A.B. asks: 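There's a structure below that I have some questions on.
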Amino acid sequence: MTGIDDLPVRDELRGKTPYGAPQLDVPVRLNTNENPYPLPEPLVERIAERVREAARGLNRYPDRDAVELRTELAAYLTKTGGHSVATENVWAANGSNEVIQQLLQTFGGPGRSAIGFEPSYSMHGLIARGTGTHWISGPRNEDFTIDLAAAEQAIAESRPDVVFITSPNNPTGNAVPPETVLALYEAAQAAKPSMVVVDEAYIEFSHGRSLLPLLEGRPNLVVSRTMSKAFGAAGLRLGYLAADPAVVDAVQLVRLPYHLSAVTQATALAALEHTDTLLGYVEQLKTERDRLVTELRALGCEVTESDANFVQFGRFADSHEAWRKILDRGVLVRDNGVPGWLRVSAGTPKENDAFLDAVRELLGSAGDDPASPKEQNA
Ligand SMILES: Cc1ncc(COP(=O)(O)O)c(C=O)c1O
């Protein structure tokens with residue numbers, strides 16, 4: 001049987017595995033940081049109306065520049081981000097993964113490099129690989145904060161073309177203070193200069209504020225966002241960025257013509273009409289996220305401070321074994337490969353109860369079980 005490696009694929013893809021969070025059919029799925037609440041019925045109706053309208057024009061290509069959508073996204077950012085953003089500052093694509101891909105196609109590529117501080121969102125490295133950009137894994141402290149001195153040194157030595165800062169970070173959950181972002185921006189400009197991409201996929205869940213105001217006077221800074229999390233629309237595939245208008249012009253050099261379908265644009269516009277309701281769900285999820293932190297700690301787990309819609313917990317002597325045992329109890333969480341740690345997305349109160357019961361049982365039945373967190377803490 002022919003395998004991938006029998007094909008003349010690019011050398012850097014040989015022996016690699018694709019991104020693949022398990023999509024298992026279990027009662028409680030808390031593994032991909034989705035929003036557990038389905039879209040409210042009035043929004044579903046509004047999407048149907050908007051899409052019906054769009055369908056009448058599907059014989060034509062969509063608005064290539066998605067101007068109406070970018071205008072509404074700019075209004076949302078201005079209202080919630082503490083910084084005035086205009087249509088020409090915003091670009092949208094099919095999920096923030098595509099935004100990141102377009103950024104790496106524009107500013108990375110063969111002969112260029114990108115750095116991220118790991119553990120962090122694995123797709124930054126995978127998209128770098130896919131665009132032929134050399135990936136550099138930068139350091140973090142034991143507590144998963146960015147080790148500023150080590151990060152500055154890594155930037156000075158490797159002189160990357162693109163620097164990724166994920167805030168709040170996935171899978172650890174912690175936000176990055178603005179002073180750290182500013183210091184890394186300065187280090188990146190001194191070394192190259194290079195583009196600094198702040199991935200704010202989870203910012204709506206943060207206790208703190210967006211880093212959007214840092215865009216002022218910094219043309220090499222980009223903030224990327226998504227409607228997959230706070231807007232509860234992971235299935236829509238809509239990500240966007242805010243940056244200097246020159247960045248928006250630059251990514252248009254690599255975007256496919258008409259990349260954002262008329263149906264996508266219509267659906268996203270409908271969702272933006274319901275921002276207030278959707279942000280109401282975000283408040284509920286923040287409360288549940290904080291409850292998960294408190295209750296996991298009460299159970300004896302270590303928990304990383306979370307500004308996101310998920311929580312990193314541990315520490316397990318064998319985290320994969322703990323993952324499997326939680327799955328045996330009908331709850332799917334995520335093993336991101338961070339030794340000793342697992343990640344759980346905040347679900348509905350009922351789903352979170354089921355998760356906490358599973359962890360309680362796991363720990364209660366642990367004895368000298370290698371999955372017990374106490375063993376490693378001792
Ligand atoms: C940090 C981070 N950035 C970006 C994404 C991708 O989001 P999207 O669904 O917009 O492609 C994710 C998804 O989990 C993420 O965790």
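Just so you know, these numbers come straight off a predicted model, no measurement behind them. Just follow the structure's listing: the first ligand is 1, and inside any ligand the first atom is 1. Side chains are part of it too, since the values below use all heavy atoms of this structure and drop only hydrogens, waters and symmetry mates. By convention here, the first residue in the shown sequence is residue 1.
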A.B. asks: Taking the side chain as every heavy atom from C-beta outward, state whether Pro119 and Asn336 have any pair of such atoms under 4.5 Å apart.
C.D. replies: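 Answer no - side chains too far apart.
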
A.B. asks: Sequence neighbours left out, what passes salt bridge (Lys or Arg N to Asp or Glu O under 4.0 Å) with Glu72? Give chain and number order.
C.D. replies: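 For Glu72, no residue satisfies salt bridge (Lys or Arg N to Asp or Glu O under 4.0 Å) once neighbours in sequence are set aside.
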
A.B. asks: Side chains of Asp335 and Trp341: closer than 4.5 Å at any heavy-atom pair?
C.D. replies: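 Result no, sub-4.5 Å side-chain heavy-atom pair not found.
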
A.B. asks: So, applying salt bridge (Lys or Arg N to Asp or Glu O under 4.0 Å) with Glu204, which one of Arg225, Arg289, Lys286 is it?
C.D. replies: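 Exactly one pass, corresponding to Arg225.
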
A.B. asks: Suppose we screen for side-chain contact (heavy atoms from CB on, under 4.5 Å). Which residues come up paired with Asn170, at least two apart in sequence or across chains?
C.D. replies: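 Testing Asn170 for side-chain contact (heavy atoms from CB on, under 4.5 Å), a comparison that skips the adjacent residues, returns Asn33, Tyr121, Tyr202, Phe310, Arg343.
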
A.B. asks: Just to be sure I understand the cut-off, which residues have at least one non-hydrogen atom under 4.0 angstrom from an atom of ligand 1?
C.D. replies: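 Its neighbours under 4.0 Å (heavy atoms only) are Gly95, Ser96, Asn97, Tyr121, Thr166, Asn170, Asp199, Ala201, Tyr202, Thr226, Ser228, Lys229, Arg237, given by chain and number.
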
A.B. asks: Kindly write out the residues that satisfy salt bridge (Lys or Arg N to Asp or Glu O under 4.0 Å) with Arg255, not counting sequence neighbours, or none if the list is empty.
C.D. replies: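 Asp65.
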
